[in-house]
Amino acid sequence: SITRRGTLRVLTDFNSVNYFVVKDIAVGYQYDLTAEYAKHLGLDVELIVSNDYEKNIELIASEVDCA
């Protein structure tokens, strides 16, 4: 379903390791890894950034139901 959609949807939190913005440029270990993986697969990236644990669990659960 991911390849049919053409988009790799990733949920991450905003922090100094996973994802952050410097001079309007998105960076971070998880961001870079995701971007390279999506590029390798020929997919676009949809990044969902949230530091709300409960909301993240709900987002993951709703995504699993849709797959």
Side-chain angles (χ1 to χ4, degrees):
S1 68
I2 294 170
T3 53
R4 277 194 313 262
R5 183 174 56 224
T7 303
L8 179 62
R9 194 174 295 150
V10 177
L11 175 63
T12 189
D13 54 346
F14 188 88
N15 62 43
S16 62
V17 176
N18 291 333
Y19 172 82
F20 57 103
V21 179
V22 176
K23 297 182 181 180
D24 295 328
I25 300 172
V27 292
Y29 178 74
Q30 194 172 45
Y31 175 79
D32 293 340
L33 190 62
T34 299
E36 286 300 315
Y37 184 58
K39 180 179 173 184
H40 171 75
L41 297 175
L43 301 171
D44 294 327
V45 175
E46 179 183 338
L47 200 63
I48 303 165
V49 182
S50 170
N51 286 22
D52 184 331
Y53 179 78
E54 295 297 324
K55 178 182 174 186
N56 294 349
I57 297 298
E58 290 174 12
L59 286 169
I60 292 168
S62 69
E63 189 67 25
V64 170
D65 291 340
C66 293

*asked:* Please tell me whether I48 and L43 are part of a single hydrophobic cluster in this structure, the criterion being side-chain heavy atoms less than 4.5 Å apart.
replied: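 No; L43 is not reachable from I48 via cluster members.
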
*Is there a path of hydrophobic side-chain contacts, each under 4.5 Å between heavy atoms of I, L, V, M, F, W or Y residues, that connects Y37 with L47?*
yes

Under 3.5 Å, which donor-acceptor pairs link side chains of residues 8-22 to any protein atom two or more places apart or in another chain?
unit_1, atom_1, unit_2, atom_2, d
R9, NE, E46, OE1, 3.2
R9, NH1, E63, OE1, 2.8
R9, NH1, E63, OE2, 2.7
T12, OG1, Q30, OE1, 2.2
D13, OD1, N15, ND2, 3.3
D13, OD1, N18, ND2, 2.7
D13, OD2, N15, ND2, 3.2
N15, OD1, V17, N, 2.8
N15, OD1, N18, N, 2.7

*Measure the CG-OG1 distance between L41 and T7 for me, rounded to the nearest 0.5 Å.*
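Here the rounded value is 12.0 Å.
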
*asked:* Distance check, rounded to the nearest 0.5 Å: Y53 atom OH versus E58 atom CD?
replied: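 If I round to the nearest 0.5 Å, the distance is 11.5 Å.
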
*Which pair of non-hydrogen atoms, one from V45 and one from A35, has the smallest distance, and what is that distance?*
CG2-CA, 4.2 Å

*Closest approach of V27 to D32 (non-hydrogen atoms, all atoms of both residues)*: CA-OD1, 4.3 Å

*Could I get the full list of side-chain hydrogen bond (donor to acceptor under 3.5 Å, both in side chains) partners for S50, not counting sequence neighbours?*
N56

